Protein chains: 2
Amino acid sequence: MSGPHHDTGPDGGQALGPQQLGAYFALMEAVSMLQHQVEQQLRTEGDISYVQFQLLARLATADGPLTMTQLADGVVYSRSGLTYQAGLLEKAGLITRGPSPDDERATLVAITEDGQALFGRVLPGHTEVTHRLLFEPLTDDDVHHLGDIMTRVRDHMRAQPPRSAAPRKRRPSPVSSPLPSAQA
Amino acid sequence: MSGPHHDTGPDGGQALGPQQLGAYFALMEAVSMLQHQVEQQLRTEGDISYVQFQLLARLATADGPLTMTQLADGVVYSRSGLTYQAGLLEKAGLITRGPSPDDERATLVAITEDGQALFGRVLPGHTEVTHRLLFEPLTDDDVHHLGDIMTRVRDHMRAQPPRSAAPRKRRPSPVSSPLPSAQA
DNA sequence: CCGTCGTGCTTCGAAGTTGAAGCAATTACG
DNA sequence: CGTAATTGCTTCAACTTCGAAGCACGACGG
């Protein structure tokens with residue numbers, strides 16, 4: 001058993017072994033395919049994108065309204081992207097945006113009944129696709145391993161310091177993600 | 001085509017257990033973060049996108065020139081996307097496009113020396129990022145498991161018949177902005 | 001109070017992706 | 001051969017995303 005060795009290679013770079021290359025490629029391709037299929041399903045059944053689904057999911061499982069910043073965390077990389085998507089969702093009547101009583105510069109976002117209804121309508125299909133494509137060929141043991149491995153990787157990545165200076169101060173309030181968060 | 005009938009609930013959906021949910025979320029978030037970091041590195045060191053890197057990689061490791069279709073396979077989901085990217089790469093002098101002697105409608109794409117040089121220049125950084133973010137917290141055993149699991153998942157997905165095989169079109173309403181609040 | 005800085009969100013322009021439509025070459029089939 | 005269906009690629013319009021710049025509010029320090 002070897003530990004998590006990460007020696008710097010003799011050539012200055014880190015060479016990836018065949019085992020690692022295979023894992024890397026399979027991982028990226030499989031996730032890419034899964035994402036694509038999930039998008040198809042969400043578009044077909046609910047006419048929403050994966051990003052919009054994630055936003056609805058966050059709002060549906062949150063206790064109350066969220067600010068734009070809280071909502072964006074882990075779903076999109078830019079605030080402007082969230083502004084755009086929130087505009088679409090609001091226009092569709094799935095969410096509402098209103099000023100915060102405390103901070104008038106903040107915008108509180110809440111899910112509407114239509115939004116919850118839509119979320120409930122597409123969730124089974126989402127689950128079905130995920131199950132059929134991802135979990136069907138896996139044993140319980142595999143799932144356990146996968147979760148353990150990817151959780152460790154994710155936490156490791158989160159702990160990595162940003163390569164460049166933070167353009168703006170980050171909000172260190174990591175909310176327990178009850179729903180899919182694509183990235184931080 | 002109806003899949004496996006493992007009906008576990010009255011709503012016809014497959015419920016995902018906590019173990020599966022955790023694995024799913026960690027998987028998606030970790031890959032998303034990894035992709036983002038890789039894009040940053042490629043943009044910084046070589047001024048190319050991840051897609052462009054993948055295309056160069058395919059050409060660099062292929063025996064000879066590839067057709068557009070062969071090149072697109074597994075990298076982009078639309079042919080037009082490849083046309084666009086190939087245009088950029090050709091303009092940058094990294095690849096060449098020419099007609100095929102056999103099929104005159106086909107376009108053969110080959111990598112130039114500049115393209116190979118650029119690929120060789122950014123590859124170490126790519127490897128380094130992948131190693132640092134993905135493999136550093138993993139043991140050799142983990143990598144083996146991950147590769148095994150994801151390879152099975154990928155092959156399983158590849159074997160899945162396209163959803164558009166037989167069924168007729170149901171509702172071709174490609175509305176993206178105005179989300180229909182259709183009360184089913 | 002008042003000026004300054006930091007924070008929350010939006011607007012704007014640039015770049016990339018997709019699906020549908022279109023064109024040219026090839027193959028299938030009488 | 002001759003016509004029709006198919007294949008390979010490109011063009012085009014619509015949509016999405018991001019980063020930089022901008023606006024408005026809130027927190028401090030004088």
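In this text the structure is predicted, and so the values were computed from the model without any measurement. Excluded from the calculations below are hydrogen atoms, water molecules and symmetry mates; all remaining heavy atoms, backbone and side chain alike, are included. Chain naming here is simple, since letters A, B, ... match the order of the sequence lines and numbering starts at 1 in each.
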>> Test your reading of the model: is there a side-chain donor-acceptor pair from A:Thr61 to the backbone of A:Ala57, 3.5 Å cut-off?
In response: yes
>> For A:Arg97, give me all partners under salt bridge (charged side-chain N to carboxylate O under 4.0 Å, His left out), at least two apart in sequence or on another chain.
In response: A:Glu90
Would you kindly give the [atom1]-to-[atom2] distance between [X] and [N], to the nearest whole Å?
{"X": "A:Asp73", "N": "C:dC9", "atom1": "CG", "atom2": "C1'", "result": "16 Å"}
{"X": "B:Leu82", "N": "D:dC9", "atom1": "CG", "atom2": "P", "result": "8 Å"}
{"X": "A:Met68", "N": "C:dT7", "atom1": "CE", "atom2": "C1'", "result": "14 Å"}
{"X": "B:Arg79", "N": "D:dC9", "atom1": "CZ", "atom2": "C1'", "result": "9 Å"}
{"X": "A:Asp47", "N": "D:dC15", "atom1": "CG", "atom2": "P", "result": "12 Å"}
{"X": "A:Tyr84", "N": "D:dA14", "atom1": "OH", "atom2": "P", "result": "13 Å"}
{"X": "B:Arg43", "N": "C:dA15", "atom1": "CZ", "atom2": "P", "result": "10 Å"}
{"X": "A:Glu39", "N": "D:dC15", "atom1": "CD", "atom2": "P", "result": "16 Å"}

>> Can you pull out the residues from residues 55-63 of chain B that lie within a 4.0 Å heavy-atom distance of DNA chain C?
In response: none
>> Please determine whether residues B:Leu42 and B:Leu88 belong to a single hydrophobic cluster, defined as Ile, Leu, Val, Met, Phe, Trp and Tyr linked transitively by side-chain heavy-atom distances below 4.5 Å.
In response: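 They do not share one cluster, since no chain of ILVMFWY contacts under 4.5 Å joins B:Leu42 to B:Leu88.
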>> Please say yes or no: joined through hydrophobic side-chain contacts below 4.5 Å, possibly via intermediate residues, are A:Leu108 and A:Leu66 part of one cluster?
In response: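 Per the 4.5 Å side-chain linkage, A:Leu108 and A:Leu66 are not co-clustered.
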> How close do B:Val109 and B:Leu71 get, heavy atom to heavy atom, and via which atoms?
Replying inline: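 Residues B:Val109 and B:Leu71, closest heavy atoms: CG1-CD2, 4.0 Å.
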Between the protein and nucleotides 23-28 of chain C, list every N/O to N/O distance that falls short of 3.5 Å.
| residue | atom | partner | partner atom | Å |
| --- | --- | --- | --- | --- |
| C:dT26 | OP1 | B:Glu104 | N | 3.3 |

> What pairs of residues pass the salt bridge (charged side-chain N to carboxylate O under 4.0 Å, His left out) test when at least one of them lies in residues 24-40 of chain A, not counting sequence neighbours?
Replying inline: A:Glu29-B:Arg154, A:Glu29-B:Arg158
> Which parts of residues 86-98 of chain B get close to DNA chain D, meaning a heavy atom less than 4.0 angstrom away?
Replying inline: B:Arg97
> Between the base of C:dG19 and the side chain of B:Ser80, is there a donor-acceptor distance below 3.5 Å?
Replying inline: yes
>> Using side chain to side chain contact (heavy atoms under 4.5 Å, CB included), reason through A:Met150 and B:Leu146 one step at a time and then give a plain yes or no.
In response: CA-CA 9 Å; A:Met150 295 317 292; B:Leu146 182 62; 4.0 Å; yes
> Hey, are the side chains of B:Gln40 and B:His36 touching, using non-hydrogen atoms and a 4.5 Å cut-off?
Replying inline: yes
>> So if I take every side-chain heavy atom of B:Val76 and compare against C:dT18, C:dG8, D:dC18, which nucleotide ends up nearest?
In response: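 Closest of the options to the side chain of B:Val76: C:dT18.
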> Any side-chain N or O of A:Gln70 under 4.0 Å from OP1/OP2 of C:dG8?
Replying inline: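 It does not, given that no N or O in the side chain of A:Gln70 lies less than 4.0 Å from OP1 or OP2 of C:dG8.
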>> Would you say B:Gln85 places a side-chain N or O within less than 4.0 Å of OP1 or OP2 belonging to C:dG16?
In response: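 For C:dG16, OP1/OP2 do not have a side-chain N/O of B:Gln85 under 4.0 Å.
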> Counting any heavy atom closer than 4.0 Å, what does B:Ser49 reach on the DNA or RNA strands: base, sugar-phosphate only, or nothing?
Replying inline: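 Since no nucleic acid heavy atom lies under 4.0 Å of B:Ser49, the category is nothing.
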>> Classify A:Thr83 by what it touches in the nucleic acid, base, sugar-phosphate, or nothing, heavy-atom distance under 4.0 Å.
In response: base
>> As a test of understanding, state which of B:Leu89, B:Ile48, B:Leu123, B:Thr112 forms a side chain to side chain contact (heavy atoms under 4.5 Å, CB included) with B:Leu118.
In response: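 Checked B:Leu89, B:Ile48, B:Leu123, B:Thr112 against B:Leu118; only one passes side chain to side chain contact (heavy atoms under 4.5 Å, CB included): B:Ile48.
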>> If the condition is ring pair (Phe, Tyr, Trp, His ring centres under 6.0 Å), which residues does B:His126 pass it with, not counting sequence neighbours?
In response: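 Result, ring pair (Phe, Tyr, Trp, His ring centres under 6.0 Å) vs B:His126: A:Tyr24, B:Phe53.
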>> Reading DNA chain D from 5' onward, which residue's closest nucleotide shows up sooner: A:Ser78 or B:Thr69?
In response: B:Thr69
>> Just checking A:Asp140: does its CG atom have more than 12 heavy atoms from other residues, nucleotides or ligands closer to it than 6.0 angstrom?
In response: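 No, CG of A:Asp140 has 12 or fewer neighbouring heavy atoms, counting only those of other groups under 6.0 Å.
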> For A:His144, does the NE2 atom sit with more than 12 other heavy atoms under 6.0 Å from it, leaving out its own atoms?
Replying inline: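 Not more than 12 within 6.0 Å, no.
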